[in-house]
Amino acid sequence: MVNDRSNLVLGLAAPADAPPVEWVISEGLVPYPEALAAMEGHVAAISAGTARERVWLLEHPPLYTSGTSATAEGVVDARFPVFEAGRGGQMTYHGPGQRVAYVMLDLNRRKRDLRVFVAGLEDWIIGTLDAFNIRGERREDRVGVWVKRPDKGEGFEDKIAAIGIRVKRWVTLHGISLNVEPDLSHFGGIVPCGIADPRYGVTSLVDLGLPVTMAEVDAILRSTFEQRFGPTAAMGAA
């Protein structure tokens, strides 16, 4: 069933007087504890009124993160380090070839509605996929953005992007991860997002036959973000 969040009004544009959202891209692989500390610090600064909103694009070395709903059964083979993320959701994988976007927005100035925020993130991913002629869809009973795979069989679908968020004083943390060209076998060490049904796997842009670069994906992500959330300004690495 298509998720009813698609019917929400996506009213998350910044106020007219708000400065552009910082758009930060880090090169190389950023260790997870380092990224978490930097994100927490920046969110605290946003809450204090001393920093601007930020979207931080990066890649991590291979690792698993555990959300607040995760259980021990979610880890099948801990071949990589497991970190407690503090975000919502269950287990997920991050690694090279996956574009992680940490979204730090002040919902006090936009709209204090988490369902609308999550719907906005989903719509951002769906719009990005559409630019590559891929139809991404929401699902009522499954988080993330999904792609139908009739080539695998009737009813088969693969997740191409995950969403996990946290909010502090109505400032958002964490965000999305879009599979561009990760090693999909690495997802085998966990039950991704707690979904064990064999009909539901994982995929990537390259797995779907699109040999795109991370830079090409980043350009589309920025354009589609601005259409939904407002202007951005390119900054140096975080």
Side-chain angles (χ1 to χ4, degrees), residues 1-8 57 59-65 67 69-70 73-80 89-101 118-164 175-225 227-228:
M1 181 184 297
V2 176
N3 198 303
D4 64 1
R5 286 192 298 276
S6 62
N7 297 321
L8 293 176
L57 305 185
E59 294 174 82
H60 288 303
L63 57 92
Y64 301 121
T65 68
S69 300
E73 290 74 22
V75 179
V76 177
D77 173 15
R79 65 188 80 169
F80 304 119
Q90 300 193 42
M91 300 296 303
T92 196
Y93 165 78
H94 294 313
Q98 181 190 72
R99 177 50 88 209
V100 174
V118 170
L121 295 180
E122 291 171 334
D123 192 62
W124 176 28
I125 297 166
I126 290 169
T128 298
L129 295 174
D130 185 63
F132 293 106
N133 295 314
I134 294 175
R135 181 179 175 84
E137 297 180 347
R138 303 170 170 92
R139 289 293 176 261
E140 179 68 29
D141 57 342
R142 286 174 268 133
V143 297
V145 174
W146 296 79
V147 177
K148 291 180 180 178
R149 298 302 304 269
D151 53 310
K152 292 185 175 182
E154 179 68 27
F156 279 70
E157 299 182 344
D158 285 344
K159 178 186 281 190
I160 195 168
I163 297 173
I176 70 168
S177 57
L178 174 62
N179 296 332
V180 179
E181 192 180 8
D183 184 336
L184 296 179
S185 72
H186 290 178
F187 285 89
I190 57 171
V191 180
C193 300
I195 300 171
D197 191 319
R199 295 174 300 169
Y200 306 138
V202 290
T203 189
S204 68
L205 292 173
V206 170
D207 182 53
L208 293 173
L210 291 169
V212 298
T213 67
M214 195 67 77
E216 290 171 326
V217 173
D218 289 349
I220 298 298
L221 280 170
R222 185 174 182 183
S223 174
T224 52
F225 178 89
Q227 292 166 14
R228 291 155 178 81

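All values reported here derive from a predicted model rather than from experimental measurement. In what follows, every heavy atom counts, from backbone to side chain, and hydrogens, waters and symmetry copies are set aside.
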Distance (rounded to the nearest 0.5 Å) between Q227 CD and D123 CG:
9.5 Å
L208 versus I160: any side-chain heavy-atom pair under 4.5 Å?
yes
Point-to-point distance, once rounded to the nearest 0.5 Å, from CZ of F225 to CG of L121
8.5 Å
Any idea how Y93 and H186 line up, ring-wise: parallel (<30°), tilted (30 to 60°), or perpendicular (>60°)?
perpendicular
Can you check side chain to side chain contact (heavy atoms under 4.5 Å, CB included) on W124 and I176, steps first, answer last?
CA-CA 10 Å; W124 176 28; I176 70 168; 3.6 Å; yes
Got a second to check how far L178's CG is from L205's CG, nearest 0.5 Å?
5.5 Å
For a quick test of reading the model, state the closest non-hydrogen atom pair linking V206 to P211 and the distance between them.
CG2-CA, 4.3 Å
Determine the interplanar angle of the W146 and Y200 rings, folded into 0 to 90°, and report it as parallel if under 30°, tilted if 30 to 60°, perpendicular if over 60°.
perpendicular
Output the distance between atom CZ (R199) and atom CD (E154), rounded to the nearest 0.5 Å.
10.0 Å
From CA spacing to verdict: side chain to side chain contact (heavy atoms under 4.5 Å, CB included), N179, D207:
CA-CA 9 Å; N179 296 332; D207 182 53; over 6 Å; no
Other residues, nucleotides, ligands: >12 heavy atoms within 6.0 Å of K148 NZ:
no
dist S204:OG -> D183:CG (nearest 0.5 Å) comes out at 10.0 Å
Kindly give the heavy-atom pair with the smallest separation between F187 and P182, and that separation in Å.
CE1-CG, 4.5 Å
Dump the intermediate steps for side chain to side chain contact (heavy atoms under 4.5 Å, CB included) on L221 and D218, then the final yes or no.
CA-CA 5 Å; L221 280 170; D218 289 349; 4.2 Å; yes
Which one of R99, Q98, E59 satisfies the side-chain contact (heavy atoms from CB on, under 4.5 Å) criterion with V180?
R99
Backbone N/O of E122 and side chain of R138: donor-acceptor pair under 3.5 Å
no
Please verify the inter-ring angle class for H60 with H94; under 30° counts as parallel, over 60° as perpendicular, anything in between as tilted.
tilted
Please give me the minimum heavy-atom distance between D158 and K152, naming the atom from each residue.
OD2-NZ, 2.7 Å
State, yes or no, whether a side-chain contact exists between F156 and D151 at a heavy-atom distance under 4.5 Å.
no
Atom pairs and distances, donor-acceptor, side-chain atoms in residues 129-136, under 3.5 Å, two or more places apart:
| residue | atom | partner | partner atom | Å |
| --- | --- | --- | --- | --- |
| R135 | NE | E137 | OE2 | 2.6 |
| R135 | NH2 | E137 | OE2 | 3.4 |

